[in-house]
Amino acid sequence: MILLDAVYIHNYGGKSILDLLIRFLNDKNLIDSFYFLLDSRYKNSLNIGSRFKYLNASEKERRNFYKKNKLYFSRILCIANVPPPIKIKSPVLIYFHNDLLINYNEANFGLKSKLLFYLKFNYIRFKSQETYHWFVQTEIMKKKIFDKGFIKEDKIKIFPIYDIKIPSPAQKEKNTFLYVSNSMPHKNLKNLILAFVDISQKINFEIKLNLTSLKKDFINIDFERHKNLKIFWHGEIEKNKLETIYKRCEFLIYPSLKESFGLPLIEAIQHNCKILASDLPYVYEIIEPSLVFNPNCYKDISKTINFALHSRQLKESKIKIKNKLPEMINYINNIKK
């Protein structure tokens, strides 16, 4: 029996990874080989079999579970960045997918948030063992975590995970944009909003911006004054509703300053969107965008939007990275130590 420890995962990118894992295990009839340790906030409609337990997001509860059950599992896969709370002799694999834990000083956060990231990462370092295996999604993340000096290079494997889809053809709405993420500071949503406000004052036609965030985060901006800009605030939405919006939108715009992967970039290309993205290494690691911009300058983002709106032959965006979920599960099943 393999323990899949997903305590602390309940939304955003981590939830996407967990949902994909569960769906894959069901498709391959492997679900009964896993026991799921889940965050009590995690909700889905997927089959997780009969072997699972919900915990509050607490190291105390997690530690109690491991102490009682550590001999029951032949392997342990932690997919919420954090190693087991006690030392484990059987093979342990940690899926690390949070860039902010490594580069908290470079993120646009306050002192309190940076301190929390610092404490979390040093807890991860403290709980790591030389025998543990680490999974990341890109070469960039492998280098970043290796440079921290507590994991041997041969213990870090690269396994990108995303859903492979061939969507049905859909009619795109002209001059429609989509932003898929939350409003955390490193997502750079404020600069994006300022860029769209700026471009709306320079054009004489309507553009539409779809946001998976909430208007309350930007109550100080008077959107009603900008008649050429129509914004749809969707908030956090279900996957099937998001796919409907992907199909409708002509462009995905992605101004994030930091990503461990950037799943919406891949999802958007699968739905035939053209990508306008930050001119940063994480983007080029996984896709070839149609256009890039300086994410720290809203004027440059605005200029790029303007070019996309008026270009007659904008190049298609392409996925460069391969989904390696099957290889990852095979690695887990065959690992000795």
Side-chain angles (χ1 to χ4, degrees), residues 16 162-163 165-183 187-215 217-218 221-256 259 262-279 283 286-293 295 298-319:
S16 294
Y162 63 86
D163 199 5
K165 288 199 170 185
I166 305 175
S168 55
Q171 186 67 39
K172 296 289 185 181
E173 287 185 26
K174 193 171 178 58
N175 306 330
T176 54
F177 294 80
L178 171 62
Y179 164 90
V180 180
S181 200
N182 54 52
S183 55
K187 297 295 186 179
N188 203 25
L189 184 51
K190 183 178 180 180
N191 265 353
L192 180 67
I193 295 290
L194 291 174
F196 272 93
V197 168
D198 182 68
I199 191 63
S200 71
Q201 298 169 338
K202 299 174 181 177
I203 56 177
N204 57 5
F205 53 89
E206 184 181 77
I207 55 174
K208 297 178 181 179
L209 175 61
N210 294 269
L211 301 168
T212 59
S213 54
L214 299 173
K215 187 175 183 178
D217 296 326
F218 297 91
I221 298 177
D222 182 10
F223 297 104
E224 306 304 323
R225 196 164 57 85
H226 307 286
K227 63 180 181 178
N228 291 325
L229 174 60
K230 192 168 184 179
I231 298 183
F232 300 89
W233 304 87
H234 299 282
E236 189 176 351
I237 59 176
E238 296 176 359
K239 194 74 172 177
N240 61 335
K241 293 181 181 178
L242 177 59
E243 289 186 353
T244 299
I245 301 172
Y246 272 131
K247 290 177 181 178
R248 188 171 71 241
C249 289
E250 189 176 3
F251 306 99
L252 176 86
I253 188 158
Y254 209 73
S256 181
E259 292 292 333
L263 183 61
L265 296 169
I266 290 175
E267 291 177 339
I269 292 174
Q270 290 179 324
H271 288 89
N272 300 315
C273 299
K274 293 183 175 68
I275 309 297
L276 282 56
S278 298
D279 188 8
V283 173
I286 63 171
I287 69 159
E288 292 179 13
S290 297
L291 292 171
V292 294
F293 47 74
Y298 81 86
K299 289 284 188 181
D300 194 58
I301 301 174
S302 174
K303 180 180 176 181
T304 304
I305 295 168
N306 190 44
F307 185 88
L309 289 169
H310 293 93
S311 176
R312 294 183 178 180
Q313 291 185 320
L314 196 62
K315 71 174 184 178
E316 298 291 330
S317 302
K318 296 179 181 179
I319 299 170

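Residue numbers count from 1 along this sequence. What you see is a predicted model; the values in this text were computed from it and never measured. Hydrogens, waters and symmetry mates are skipped; everything else that's a heavy atom, side chains included, is used.
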Which label fits F177 and F251: parallel for a plane angle under 30°, tilted from 30 to 60°, or perpendicular past 60°?
parallel
Answer yes or no: is there a side-chain heavy-atom contact under 4.5 Å between K202 and N306?
no
Locate the shortest heavy-atom distance separating Y298 from A195; write the atom from each residue and the value.
O-CB, 3.4 Å
Test salt bridge (charged side-chain N to carboxylate O under 4.0 Å, His left out) on E236 and K241; report intermediate values, then the result.
CA-CA 10 Å; E236 189 176 351; K241 293 181 181 178; over 6 Å; no
If you round to the nearest 0.5 Å, how far is CG of L178 from CD1 of I245?
6.5 Å
Side chain to side chain, D279 and D300, heavy atoms closer than 4.5 Å:
no
Closest heavy-atom pair, N182 versus L189, reported as atoms and distance to 0.1 Å, is O-CD2, 4.4 Å
To check you understand the geometry: which heavy-atom pair defines the closest contact between A268 and I275, and what is its length?
CB-CD1, 3.6 Å
Any sub-3.5 Å donor-acceptor pair from S290's side-chain atoms to K315's backbone N or O?
yes
Is it true that E259 and K187 make a salt bridge, defined as a side-chain N closer than 4.0 Å to a carboxylate O?
yes
Are any side-chain N or O atoms of N175 and backbone N or O atoms of I207, one a donor and one an acceptor, separated by less than 3.5 Å?
no
Hey, does L211 have a side-chain heavy atom less than 4.5 Å from the side chain of I193?
yes
Non-hydrogen side-chain atoms of K299 and D198 separated by less than 4.5 Å
yes
About how many Å separate CD of E206 and OG1 of T176, when rounded to the nearest 0.5 Å?
11.0 Å
Is it the case that atom CZ in F232 sees more than 12 heavy atoms from other parts of the structure closer than 6.0 Å?
yes
Spacing of CD1 belonging to I286 relative to CD1 belonging to I266, to within rounding of 0.5 Å
4.5 Å
Do L194 and V197 have side-chain heavy atoms sitting under 4.5 Å apart?
no
Between CG of L309 and CD of E250, what distance do you get to the nearest 0.5 Å?
8.0 Å
Atom CG in N272, atom CD in E316: separation rounded to 0.5 Å?
7.5 Å
Of all heavy-atom pairs between S200 and N228, which one has the smallest distance, and what is that distance?
O-ND2, 3.2 Å
Side-chain (T212) to main-chain (H234) donor-acceptor, under 3.5 angstrom:
no
Checking side chain to side chain contact (heavy atoms under 4.5 Å, CB included) between N188 and each of P255, S256, S181, which is the one that passes?
P255
Under 3.5 Å: donor-acceptor pair, side chain of N191, backbone of P295
yes
Below 4.5 Å, heavy atoms only, C-beta onward: do S302 and F293 meet side chain to side chain?
no
Using 0.5 Å steps for rounding, measure from the CG atom of L209 to the CG atom of L229.
6.5 Å
If you draw a 6.0 Å radius around NZ in K172, do more than 12 non-hydrogen atoms from other residues or ligands fall strictly inside?
yes
Y246 versus V180: any side-chain heavy-atom pair under 4.5 Å?
yes
Answer whether the closest heavy-atom distance between the side chains of I253 and I301 falls below 4.5 Å.
yes
Do S317 side-chain atoms and K274 backbone N/O form a donor-acceptor pair below 3.5 Å?
no
Checking Q270 side chain against I319 main chain: does a donor-acceptor pair fall under 3.5 Å?
no
